[in-house]
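Indexing begins at 1, ligand by ligand and atom by atom, following the structure's order. Start at 1 with the first residue, then count along the sequence.
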Amino acid sequence: MRIRYLPETLINQIAAGEVVERPAAAIKELVENAIDAQAGRIDIDITHGGKSKIVISDDGIGMSAEDLNAAVDRHATSKLPDDDLLNIKNLGFRGEALASIAAVSRLHIQTRERQSGGHSGQSGQGGEAWEISVEGGKKSPLKPSAHPQGTRITISDLFYATPARLKFLKTERAEYLAVKDTLQRLAMAYPHISFTLTHDGQRSLNYTATLDPISRMASVLGRDFGENAIPITAERDGIKLSGFAGLPTLHRGTAQYQYLFVNGRSVKDKLLTGCVRAAYADVLHRGKHPMVALFIDIPAEQVDVNVHPAKAEVRFQEPATIRGLIISALKHAIHANGFDTASSVSYAALGAIKPQPPSSGALLSSSPRRSYSSYASYPSYAGNVGNTGNAALAEAQQNLYEPLPPSARAELPQTEQSAQENAQNEAFPLGAARAQIHENYIIAQSAAGLVIVDQHAAHERLVYERFKAQLAQSGIEKQGLLTPEIVSLSEDAVHNLLQHKDHLDQMGLEIEAFGIDAIAVQSIPALLSGRADIARLIKDLCDEIAENDNADLLEERLNALLSTMACHGSVRSGRRLNVEEMNALLRQMEETPLSGQCNHGRPTYVTLSLKEIEKLFGRR
Ligand code: ADP
Ligand code: MG
C-alpha cells in the first residue's frame, strides 16, 4: 500500500459532506454569499424540497469574469483580505461553499458585476454579464451571458455525485421545512433585505425589506409575537445585546422558537437554552418554552466562528459574561413587564365568547394593544397602593393569608361598598371587584372595561412572591408543629429529600429522617400554616426535586421548590371571597411583580375593554 494524494474532486466531495449536508445547508451558504454581496433582495426558488433544483437570485455586487472563474475553486475567497481569522467581518470566509456544492451537483452561475457608483437595484448598470457551469467538479469555460446586475445561482440534482449522501436525505417536505427554518433565521437577522421563498411553484415566504426589526420578527414569528414581545437592549464590556423577549404567557411546547444571533449569524447554542430557562424559571413551568430572539454584537476577536464547517456554532472567549448579560437582560424585561399578560390570551378568550357573528373575524381584527401598557398613567400606581391608609383593606389583605374556618365559608357577608370606594377602586388597573363566580373567578369593573381574575392562579403568584421576598430578607418565617407530622415515602424519596435538608430548612420546612422510609416534619412555612396538606406538599416537593435535580443554578432550584410550596399555600378555587377580600387581592396583584401570570405561565387575569364589549353587542 502506498500513500497517495486524493484527487481534487474527491477532496471537495469529502468537504461537501460537512459544509452542505442537506439542501437547507447549501441554501444557507448561498444566501449568506448574497448577503455578503450587499444584496437588497434575495429570491429563492426550490423544487422537491431542494433535492431537484435550487435557484437563488440576488441584486448584489456580482462578480467579474476573473472572480467568477475563481469563485468555484476551493479555498478561493474575497473575504479574508488580511488573512486574519481573528477578525471576520463577513458571513463567509472559508472559501469552500461553492467548490463543495459544485463537487456534488450541477452548478450554474450567472452574474454581472456592479460598477463603482452603481447601487443595488439599478439592474443592468454594471459591466458585462458572465456565466459558468460546473458539473461533478468539472468547470466549463466562461461564457458571456445575459443577466442583470447581481448573481443567479442554479443547483440541479444536489448530491447526484454522492449517492450515499442522497440516500440520507429526508422527505421532500422535511427538507423543505428545514430550508424554510434556515431562511426565517436569516430573515430575522437581516430585516433590511427582502426575501422570498417559492417551493414547487408556490410562494411560501415573502418578507419585504423593513427598517423596523420587530415588524420583521412579527412577519416571521407571527403577529402574536409582535404584540407580546418586550424589546431588550443591554451592554456590558463592549458587548451589545438586543432583541425581543416574548411575554411568559406566550409560550410554546418546544424551545424551537428561541433564536440567538451572534454578529448577524444564527447560531444554535446550548448557552441560550440554559439562559432562557434560568431567566424564565419563575414564570414558566418546565415543559413550556418562551419565544425569544436575541442578537449579540461582540467584537470579532472575542468570538470564534470557525468552530464548525457549517458555521452553526461559535465559541465565546468569556461565556460567563455572555450568560450573565443575557440572563439579567431577560429577567429585567420580564420583571419590568411582569404585570402584563399576553394580549393573545385575551383575544383567544374574546374569540371564544363571541356570539355567532354575522361578519366573522371582524372582532379579532380590532386594533391590538397590550393590556395596561400605559401603566404610568394610572394615578395611584406609582405610589405604594398598599399604603392607602385603608384599615379595612389592610385587614382584608391579612385575611387572605389566614385560613378560613369551613363554617364561615357559606355565609360570608357581601359587604356593601360605598359608591366612593367603588369609584376609587375603579381607578386602579384591575378595577373594583363586583362579583365572584363559580367560586374562583373575580369579576371587576375597571375604568377601561371588565377584568376577570382567576383567584387561585393570582393568589399562587402572590404567595410565591411573598416567599421570595421573605427568603431574600430574613429567611422564610416558619411555624413549628405541635406534634411532628410523619410522612411515609419511598426510601429513595427520603434519601433525595434529606439531601436537600439545608435548602428546605432555609425555606421554613424542617424535616428529619424517621426510619428509612418516612420523614418527620417539624415545622412548615408560616404562610402555609393551616392551609397546606403537609403530606401532599412533601410528596410534590419530592417530585420537584427528582425532576429538577440537574438544574445547575441553586437559585433556580430553590425557586422551583418555593413555587411548589406556593401552590399549596394559595387560596383554592372554591373558596368564597367577600368584596373586601377580592379588592384586596386585586390591589396586591397590582403591587406584585410578575402578577400577570401564575407560576406555571398561565395568565392570572384577562381584560375586555369597553370597546370590545360594545363590539360583542354590535354597538360599534
Ligand atoms: P466564501 O463565502 O467563504 O468566500 P464561497 O465559496 O461561498 O466562499 O464563495 C467564494 C467567493 O465567491 C466569495 O468570496 C465571493 O467573492 C464570491 N461570491 C459567491 N457568491 C456570490 C454572490 N452571490 N455575489 C457576489 N459574489 C459571490
Ligand atoms: Mg460563502
Side-chain angles (χ1 to χ4, degrees), residues 8 11-13 15-16 18-20 24-45 54-85 87-105 107-116 118-121 123 126-134 137 139 142 145 147-155 158 182-183 186 190 193-195 263-266 300 305-312:
E8 180 83 5
I11 293 175
N12 284 338
Q13 285 181 357
E18 298 181 315
V19 184
V20 287
I27 288 168
K28 170 171 174 288
E29 291 295 334
L30 299 180
V31 172
E32 286 185 349
N33 281 346
I35 294 170
D36 283 343
Q38 300 158 33
R41 154 169 206 108
I42 303 173
D43 298 300
I44 298 102
D45 189 341
I54 297 169
V55 183
I56 298 192
S57 328
D58 69 60
D59 60 356
I61 58 173
M63 284 174 270
S64 66
E66 200 185 336
D67 280 351
L68 177 60
N69 197 35
V72 293
D73 291 341
R74 192 164 154 78
H75 304 313
T77 177
S78 56
K79 300 173 193 171
L80 277 182
D82 312 319
D83 292 344
D84 186 359
L85 271 183
N87 193 4
I88 290 169
K89 298 241 161 63
N90 286 292
L91 290 170
F93 57 87
R94 297 171 61 107
E96 55 186 3
L98 287 181
S100 301
I101 292 168
V104 296
S105 70
L107 175 73
H108 184 73
I109 307 180
Q110 294 168 282
T111 186
R112 183 196 292 262
E113 192 178 21
R114 182 192 296 174
Q115 294 294 304
S116 48
H119 293 288
S120 70
S123 48
E128 296 154 327
W130 294 93
E131 62 182 70
I132 193 173
S133 296
V134 194
K139 278 202 268 185
L142 287 193
S145 182
H147 192 262
Q149 186 214 295
T151 303
R152 176 186 168 95
I153 298 192
T154 308
I155 302 173
L158 186 62
T182 300
L183 266 182
L186 287 159
Y190 298 92
I193 301 178
S194 295
F195 290 91
N263 293 349
R265 221 178 265 287
S266 162
V305 294
N306 190 21
V307 182
H308 190 267
K311 297 165 288 184

Heavy atoms only: which of [options] lies closest to [atom]?
atom: atom 15 (C) of ligand 1; options: S78, A39, G62; value: S78
atom: atom 19 (C) of ligand 1; options: N33, L91, I61; value: N33
atom: atom 11 (C) of ligand 1; options: G95, A76, S57, A37; value: A76

[X] and ligand 1 - part of the residue with a heavy-atom distance under 4.0 Å:
X: A97; value: both
X: V72; value: neither
X: A70; value: neither
X: T151; value: side chain

CA sep, side-chain torsions, deciding dist, call: R112, M63, side chain to side chain contact (heavy atoms under 4.5 Å, CB included): CA-CA 6 Å; R112 183 196 292 262; M63 284 174 270; over 6 Å; no
I want to know if ligand 1 touches [X] in the polar sense, i.e. an N/O pair below 3.5 angstrom.
X: M63; value: no
X: L30; value: no
X: E29; value: no

Results of side-chain contact (heavy atoms from CB on, under 4.5 Å) for N33 - residues two or more places apart only: L30, K79, L98
Atom indices of ligand 1 within 4.0 angstrom of T77 heavy atoms, with elements: 1 (P), 4 (O), 14 (O)
Looking at ligand 1, is there an atom of it that comes within less than 4.0 Å of some heavy atom belonging to [X]?
X: G60; result: no
X: E96; result: yes
X: D67; result: no

Is it true that a side-chain atom of [X] and a backbone atom of [Y] form a donor plus acceptor pair closer than 3.5 Å?
X: Y190; Y: G264; value: yes
X: R265; Y: L91; value: yes
X: D43; Y: S57; value: no
X: K139; Y: N69; value: yes
X: Q110; Y: W130; value: no
X: D58; Y: A39; value: no

The Mg ion (ligand 2) to nearest N/O/S of N33 less than 2.8 Å: yes
Residues forming a side chain to side chain donor-acceptor pair (under 3.5 Å) with D45, sequence neighbours excluded: none
Closest contact, heavy atoms only, L158 versus S105: CA-CB, 3.8 Å
